Asker: 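Below are the structure tokens for one structure; questions will follow.
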Amino acid sequence: MRLSPLWQRRLAVFAAHRRGRASLAIFAVVFVVSMAANFIANDKPLLLDYQGRFYVPAVQFIPETTFGTQFLPTEADFTNPTIKAVINAHGWALWPPIPYSYDTIVWDAGPVAPSPPSWRNWLGTDEVSRDVLARVIYGLRLSILFGFGLTIVASAVGIIAGAVQGFYGGLTDLLFQRFIEIWSGMPQLFLLIILASIIAPSFWVLLLFLLLFSWMSLTGVVRAEFLRARNLDYVRAAKALGVPDWRIMLRHMLPNAMIATLTFLPFILSDSVTVLASLDFLGFGMPPGSPSLGELVAEAKNNLQAPWLAFTAFATLGGVLILLIFIGEAVRDAFDPRKTQ
Amino acid sequence: MSLLSVANLTLKAGARTLVDNVSFSVAAGETLAIVGESGSGKTLSALSVLDLLPPGVTRAGGVVMLDNINVATANRAQIHEIRGGTAGIIFQEPLSSLNPLQRVGKQVAEAMTLHGKFSKTSLRDKVKSLLAEVGLPDADRIADSYPHLLSGGQRQRIMIAIALANDPKLLIADEPTTALDVTLEKQILDLIAAAQKARGLGVLLITHNLSLVRRYAQRVLVLDAGNPIESNTTDQIFANPTQPQTKRLLAARNMAPPPDVPNAPVILTAQNLIVKFPVLRGALRRKVGEVAAVDDVSFSLHAGETLGLVGESGSGKSTIGLALLRLINFQGNVSLGGVNLATLPKSKLRAMRAQIQIVFQDPYGSLAPRLTIEDIIAEGLTIHQPGLNAAQRREKVAATLNDVGLPADSLNRYPHEFSGGQRQRIAIARALILEPKILVLDEPTSALDVTVQAEILALLRSLQARHNIAYLFISHDLRVIRALAHRVIVLKSGKIVELAAASSVFNNPAAAYTKTLLAASGLQ
């Protein structure tokens with residue numbers, strides 16, 4: 001596919017934006033590392049050679065009975081010294097660089113938890129004596145996935161809502177606008193607290209609930225763009241051709257609204273990450289024990305004597321948000337027609 | 001010694017030459033017209049007289065002498081004296097030339113106080129007498145109005161008043177009437193001519209409209225792509241053009257009427273069309289009444305003929321076109337091949353849409369900017385002939401492109417890569433590919449240069465002859481209508497003033513309004 005000169009210009013502006021480009025590169029690395037969390041921080045070996053047969057415990061269910069009839073048919077606990085000894089006697093195991101998962105309790109970290117950074121726990125352990133680095137990597141994965149999920153679904157709903165309002169205008173637009181005004185006035189946090197007392201929030205429940213209120217961020221922009229475009233001659237010409245409404249919206253009008261949408265996306269993404277972290281911090285977010293950045297902040301607040309927790313929480317959360325904002329600024333500049341290289 | 005003399009003017013933007021070695025002069029009391037297509041450098045040549053060149057454009061050579069002052073070497077004070085003092089200028093679009101936040105009286109007064117020739121006490125009277133001179137007798141009310149309260153013609157009169165405020169010796173009129181209706185056009189130019197007579201002004205008229213040149217200019221300079229082509233008296237130019245570019249310009253405005261179509265069957269009848277728009281008032285936008293944009297209009301269209309629809313802006317001619325396609329709500333009946341479009345349910349209407357298609361005025365706004373030419377033209381096929389596969393569709397699109405005179409390699413390009421005339425051909429191809437019986441042409445040529453206009457009209461005529469399509473041709477330009485229409489409807493305020501064969505409308509108009517229109521456009 002050949003890019004139009006406009007897109008070539010935008011890419012050139014983005015590429016010339018050094019801060020944005022560097023942020024995108026760093027974010028890409030963080031993204032890849034966190035997506036591969038299972039293979040970087042895990043309490044199961046990546047590869048296992050036991051009595052001449054190969055196993056991949058990181059993705060495979062391996063019952064303990066594999067290693068001898070005296071064990072139970074439950075999943076093997078590779079941190080168990082007995083099992084370790086059996087494996088070492090009949091083969092070898094390849095461990096990930098961080099041999100802890102987010103919920104692995106490190107029994108021998110130190111006399112007190114949280115314990116300070118050491119050669120084995122690079123960022124120390126938290127108050128339940130879990131490895132902080134492992135939790136950060138898993139926490140990033142959760143935050144980024146949640147952020148992307150919320151952003152994509154909320155944007156899709158918002159774009160559709162804005163498109164319908166702008167395209168049909170008139171009474172549809174009027175009623176929809178009043179509905180949005182009322183809906184955006186709802187006290188989101190209180191509703192969430194009430195919800196948390198009724199059902200235990202999980203990843204999907206939270207995603208769905210936050211979606212109820214976050215879809216409105218793009219509606220206004222898309223609606224304005226559609227209101228402008230609905231009277232343009234090419235939309236009229238398409239109507240005269242008998243093109244169905246949905247097809248006019250999709251093929252003729254949406255591409256124009258995409259500029260505004262793309263510009264907003266990185267900012268919506270960073271908002272979503274912030275929202276999840278703040279809910280976790282308050283204790284209304286993910287279930288206890290989940291690897292979440294907000295929970296790390298809460299632990300840091302409860303253990304001021306362990307500054308490595310606060311430092312890690314601040315650096316991780318702040319770093320991700322700054323990266324997203326910088327990328328967002330570069331995207332915004334790239335789409336700004338007044339900006340020259 | 002002439003009032004203004006420009007010798008060997010060359011203007012450049014970077015390495016590109018925009019105006020190449022142009023010379024002209026204007027004497028007091030004389031009108032020189034500079035004509036040419038867009039991009040020919042006529043406006044730039046005029047702006048260089050006031051040293052108002054846009055940034056990036058530089059004067060590479062030539063001498064501009066205005067009232068014995070060399071503009072190139074003049075100091076700032078002299079330039080200020082020239083701008084608005086020695087020379088006044090009127091621009092094309094009066095709405096954007098006036099400050100929307102100030103009363104027009106103040107804007108006229110400001111032009112005077114800048115040059116300090118009037119005491120403050122006499123300013124108001126002077127403004128009033130100026131407004132009276134430019135044909136705004138209700139001077140007190142007009143002077144206290146904001147620009148948006150005035151009509152286009154009134155605004156242009158204000159612009160003339162500002163230009164005349166300091167008794168200039170030269171008046172530069174840069175396409176002063178392009179944004180106005182024909183009848184207003186005549187009034188404004190008559191006004192300029194009267195001011196010229198009364199004050200002995202030299203007038204530099206920049207236009208692409210040759211009929212204005214013929215009526216108002218003594219001498220003509222023809223520019224083409226920055227080069228001076230021909231300069232002579234108006235009579236000589238029109239009687240004996242020597243250069244091919246000039247001949248092309250002149251030929252473009254005189255196209256012969258189309259050949260007759262005898263005994264063609266009626267394919268569309270519109271009965272008692274009424275389109276009403278609500279009048280909304282107050283904070284709650286309550287409906288307080290209705291205006292009828294189209295008021296009880298009936299006509300019929302024969303196969304293969306062109307029905308011209310003429311009228312000033314606001315006469316409802318475009319509204320009729322939109323109503324025929326049922327793109328807006330209307331009352332009345334539209335019968336196409338025995339089917340009443342007005343009452344047809346939406347699902348059946350879609351199939352009928354292949355038979356009646358539309359081409360819009362603005363070639364820039366009527367093509368979706370992010371679709372390729374193939375996507376744009378093939379869109380109708382995917383709706384109306386879903387059985388075709390991609391290869392068959394592509395073949396049909398290529399054939400239609402060829403039909404409208406576009407190269408086959410246009411398929412994968414985007415609209416912004418094409419000129420206005422080419423875009424209009426694409427819009428025609430989009431309508432044509434469905435093989436419609438009727439094509440509504442809503443001012444398809446009014447955004448184009450005269451020569452391009454002539455090419456599009458020739459294309460439309462040959463398409464009509466080949467495919468036997470009926471046209472409903474909407475235009476405010478009688479010259480274009482004459483080149484295409486077999487019958488003409490003259491419309492005023494939503495009502496039909498005259499409906500007759502083209503020859504009788506142009507040679508023997510019955511209604512007084514038709515006569516006014518013909519006189520204003522210089523056809524009678």
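Both backbone and side-chain heavy atoms feed into the values below; hydrogens, waters and symmetry mates do not. What you see is a predicted model, and the numbers here were worked out from it, not measured in a lab. So you know, we letter chains A, B, ... as the sequences are listed, proteins then strands, and number each from 1.
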Asker: Relative to chain A, which of B/Leu434, B/Thr382, B/Ile358, B/Leu349 shows the most heavy atom pairs under 4.5 Å?
Answerer: B/Thr382
Asker: Near A/Phe167 CZ, under 6.0 Å, is it more than 12 heavy atoms from other residues, nucleotides or ligands?
Answerer: yes
Asker: Going by residue number, which parts of residues 360-367 of chain B are within reach of chain A, meaning a heavy-atom gap below 4.5 Å?
Answerer: B/Phe360, B/Gln361, B/Asp362, B/Gly365, B/Ser366, B/Leu367
Asker: Output the residues of residues 318-347 of chain B for which the shortest heavy-atom distance to chain A is under 4.5 Å, in residue-number order; output 'none' if no such residue exists.
Answerer: B/Leu322, B/Leu325, B/Leu327
Asker: I need the contact set between residues 176-184 of chain A and chain B: heavy-atom distance under 4.5 Å, sorted by residue number.
Answerer: none
Asker: Side chain, backbone, both or neither: which part of B/Asp442 has a heavy atom under 4.5 Å from chain A?
Answerer: neither
Asker: Tell me if the CD atom of B/Gln392 is crowded by more than 12 foreign heavy atoms within 6.0 Å.
Answerer: yes
Asker: Using a heavy-atom cutoff of under 4.5 Å, enumerate the residues of residues 235-247 of chain A that contact chain B, numbered in order, or state 'none'.
Answerer: A/Arg236, A/Ala237, A/Lys239, A/Ala240, A/Leu241, A/Gly242, A/Val243, A/Pro244, A/Arg247
Asker: How about A/Tyr234 and B/Pro369: do any of their side-chain heavy atoms sit closer than 4.5 Å?
Answerer: yes
